[in-house]
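What follows is a single structure, written as structure tokens, with notes after it.
These numbers come from a predicted model, not from an experiment. Only heavy atoms go into these numbers, but all of them, side chains included; no hydrogens, no water, no symmetry mates. Here is the naming used below: chain letters follow the sequence lines, and residue numbers restart at 1 for every chain.
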Amino acid sequence: MSEAAKQPVQRKSLEERDRMSDLERLRHSCAHIMATAVLRLWPEAMLDIGPPTDEGFYYDFELPSHRFSPDDFEKIEAEMKKVIKENHVFEKQQKTREEARAFFESKGQKFKVERLADIPEGETISFFQSGEFTDLCAGPHVMRTGNVKAFKLLRVAAAYYRGNEKNQQLQRLYGTAFANKTELEEWLKAQEEAKKRDHRKIGREMELFTFDEDVGPGLPLWMPNGTVLIEELEKLAKESEFAAGYLRVRTPHLAKENLYLTSGHLPHLYAESMFPPIEMYEDRDHADQPKAKYYLKAMNCPHHHKIFAAVPRSYRELPLRLAEYGTCYRYEQSGELMGLMRVRSMQMNDAHIYCGPEQFANEFRAVNELYLKYFKIFGFDKFVMRFSTHDPSKLGQKFVNEPILWKQTEDMVRRVLVESGINFIEVPNEAAFYGPKIDVQLWSVSGREFTIATNQVDFAVPRRFGLVYKTRDNTEATPLCIHRAPLGTHERFIGFLIEHYAGRFPLWMAPEQVRIVPINEDQIEYGQTLTNNLRSLGVRAQLDASGDKFGAKIRNAELARVHTVWVIGPKEQTAGAVAIRRHGAGDLGAKPIDIATQELLEDIRLRR
RNA sequence: GCCAAUUUAGCUCAGUGGUAGAGCAACGGUUUUGUAAACCGUCGGUCGUCGGUUCAAAUCCGACAAUUGGCUCCA
């Protein structure tokens, strides 16, 4: 689902409405048609709103007497077709506020009455009527219901009134509409194609990861092939971070309650997102003592802060960059779990950079460059950087009360972003409690938006932990902290990589880099020698010594998405060569073994 | 957590009241093959779990679990 559909719907200005595309117009009109049909079938339905989305449209209903299910689609669609065939004109009307209220009150449409109040004083209150259906609506619409040529209902979902969990749930019907049947069918086909790239499907096919009911929901088990991906990513991260002056640390998976009381995550802020504590007597012989509470860590920062605090720090040590691929556990709500994209145990490409204010801009710039370096390696081009800032009116509530630091750091971050020419959008009021942040947003093949990486400034928690360093003039100062995770978590990042590459990983990451396929039995021994040589050079090579027919071996290698196949027959053996075949690219001809090997090693070294 | 749907062999799926089936995979044998499927045979399921209705349940009902699509939330 698109971001537009996920966000609580903002009222569009009249100018924005004028710019509404033909497709949005069509879809919005189709939403009216759907509401018309629903009211014919269930006259007692209460209507909320029905806007267009990136994918189609929806309409929210309150209908306690009936639960919508996909079985209703046929009936509703049939009724919609009737409305379309009746070819009603979408007729714009204006009412005064009082007339509008009276109109909806007479029909008992309570949500519409409430929505009326959202329209600013002075703005025209417009209605659209098509047939017997009249809706509060600023438009625009297509001319007639008959203009809707191709539509389909997609799914039924619950949605909280005004997007607020505390409000009642309404029933939402999603649908889509296109200019013609061909475009609708193409879109449906594209949806089917996208499903083939779904990381859950490819993960099963390639034996990358699995979930098991006995282990628990959201707790992935990494199989050997998936573990290769993890270890290659970690190699990349460790090399890059080492070169950038990071120091590696390691911290336990749990900690006592007090750590999170200090950080402020407990007792309230983050308690719901953490697994409930393990409670135990520190001394089994003294059960009269209070029990100690241990929490699985949901983030690594507090542990890293304690490492900072472990020895007296000097300005000479700053910036101090502590890095760890830390494993965290978050008790995500069961309905939010989704394959590898949303899990309960995750390994984070985490690091905390402690620095002085004069070092901040450089550190922040270097972190950004690291992001861009990674995204270039993976060929990510459709990401959006979201710069979340604070709302000064909420200082001391939603945001830590440090007006000067907020302004300073936000200005610095903005300057770095502008100077480095990064495309970013600024989102007010979305910052973390302790500072501004940058999230990198990507879309999964199913169209869902996720944060793939994050980069946050923290000027509150170091103070809570009493972190200080000695400055040049022998005073004590609290460091700023940059919290960064450019490769996000293994789980989500690899989920994206699987979909991004559709399982066809570049050589350096490929779980099986080379498969050696002998044409007949006589080459098996030779193939074994080649395999052993490659493995001694660190190449993930396998020999296909099966009794399959040659064509079947090729097919199996293709289906397994093996990156490179070396075919060896009598000709190659005699010539000291291999015939190279690349996944998806077919037969690339023969090369001498030395050259073929060198090329492999070079591509791996350069992460191609 | 909430709403809806789904759950049958390792995978993809048939089977809507009369005690389970296909293709692929796996395993055994025969075959030794030049760039996407050789042939024969064998194994494999208390139909998600527990309970209920019934002479009889994969099939009907209920609870629970997991998964999926949304909502809320988030790396």
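- For the P atom pair drawn from rG69(B) and rG41(B), the interatomic distance equals 42 Å after rounding to whole Å.
- Nucleic acid contact for Gly551(A): sugar-phosphate only, since backbone atoms but no base atoms lie under 4.0 Å from a heavy atom of the residue.
- When Watson-Crick and G-U wobble pairs are counted only if both distances are under 3.5 Å, rC27(B) pairs with rG41(B).
- No contact: Pro518(A) has no heavy atom under 4.0 Å from any strand.
- For Val343(A), the side-chain atoms get nearest to rA75(B) when compared with the rest of rU35(B), rA75(B), rG70(B).
- At a cut-off of 3.5 angstrom, counting only N and O atoms as typed in the model, there is no donor on one side facing an acceptor on the other between the side-chain of Arg172(A) and the base of rC3(B).
- Base pairing analysis places rA9(B) opposite nothing; no Watson-Crick or G-U wobble pair with both distances below 3.5 Å involves it.
- If you check rA65(B), rU67(B), rC73(B) against the side chain of Pro217(A), the one that comes closest is rU67(B).
- At a cut-off of 3.5 Å, with distance as the only test, no side-chain donor of Gln513(A) or His563(A) sits close to an acceptor on the other residue.
- Counting any heavy atom pair closer than 4.0 Å across all strands shown, Arg330(A) reaches a base atom.
- Looking at Thr451(A), its side chain has no donor and acceptor atom pair within 3.5 Å of the base of rA75(B).
- Within the 4.5 Å cutoff, side-chain heavy atoms of Met274(A) are placed close to those of Tyr260(A).
- Base-pair partner of rU35(B): not found among the strands shown (Watson-Crick or G-U wobble, both distances under 3.5 Å).
- Here Met346(A) lies in heavy-atom contact (under 4.0 Å) with a base.
- Minimum atom distance to the side chain of Tyr174(A) is reached by rG70(B), of the listed rC74(B), rG70(B), rG1(B).
- In this model, no side-chain donor or acceptor of Glu207(A) finds a partner on the base of rG10(B) within 3.5 Å.
- Place Gln169(A) and Gly569(A) on RNA chain B by their nearest nucleotides, and Gln169(A) ends up nearer the 5' end.
- With Asp48(A) as the partner, the side-chain hydrogen bond (donor to acceptor under 3.5 Å, both in side chains) test is satisfied by one option alone out of Arg115(A), Arg172(A), Arg162(A): Arg115(A).
- rA56(B) is unpaired under the criterion used here, namely a Watson-Crick or G-U wobble arrangement in which both key atom distances are under 3.5 Å.
- When each of rA36(B), rG70(B), rC74(B) is scored by its nearest atom to the side-chain atoms of Ile554(A), the top-ranked nucleotide is rA36(B).
- Phe111(A) and Tyr161(A) have tilted rings, their planes meeting at an angle from 30° to 60° on a 0 to 90° scale.
- Among the nucleotides rG34(B), rU67(B), rC74(B), the one closest to any side-chain atom of Ile519(A) is rG34(B).
- With rU67(B), rU35(B), rA5(B) as the candidates, the nucleotide lying closest to the side chain of Arg581(A) is rU35(B).
- Each of Glu332(A) and Glu572(A) lies near RNA chain B, and the nucleotide nearest Glu572(A) is the one positioned closer to the 5' end.
- Among the nucleotides rU35(B), rC74(B), rG70(B), the one closest to the side chain of Ala158(A) is rG70(B).
- Residue-level contact check: Ser69(A) touches the backbone only, with heavy atoms under 4.0 Å from sugar-phosphate atoms and none from bases.
- Judged by distance alone with a 3.5 Å cut-off, a donor-acceptor contact links the side chain of Glu336(A) to the base of rU72(B).
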Using side-chain contact (heavy atoms from CB on, under 4.5 Å), reason through Glu491(A) and Phe209(A) one step at a time and then give a plain yes or no. CA-CA 10 Å; Glu491(A) 286 71 19; Phe209(A) 60 89; over 6 Å; no
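- Residue-level contact check: Ala485(A) touches neither bases nor backbone, having no heavy atom under 4.0 Å from any strand.
- When the nucleotides rG34(B), rU12(B), rA36(B) are ranked by their closest atom to the side chain of Lys571(A), rG34(B) comes out on top.
- Counting only N and O atoms by type, the side chains of Asp548(A) and Asn556(A) include a donor and acceptor under 3.5 Å apart.
- The side chain of Arg555(A) lies closest to rA37(B) when the candidates are rA37(B), rC2(B), rU35(B).
- Checked against rU72(B), rG34(B), rA75(B), the side chain of Glu165(A) finds its nearest nucleotide in rU72(B).
- Within 4.0 Å of Leu170(A), counting heavy atoms only, lies no atom of the nucleic acid at all.
- Taking a pair to require two hydrogen-bonding distances under 3.5 Å in either a Watson-Crick or a G-U wobble arrangement, rG1(B) pairs with rC71(B).
- Side-chain N/O atoms of Ser240(A) and Lys373(A) include a donor and acceptor closer than 3.5 Å.
- Side-chain atoms of Tyr160(A) and base atoms of rG70(B) include no donor and acceptor less than 3.5 Å apart.
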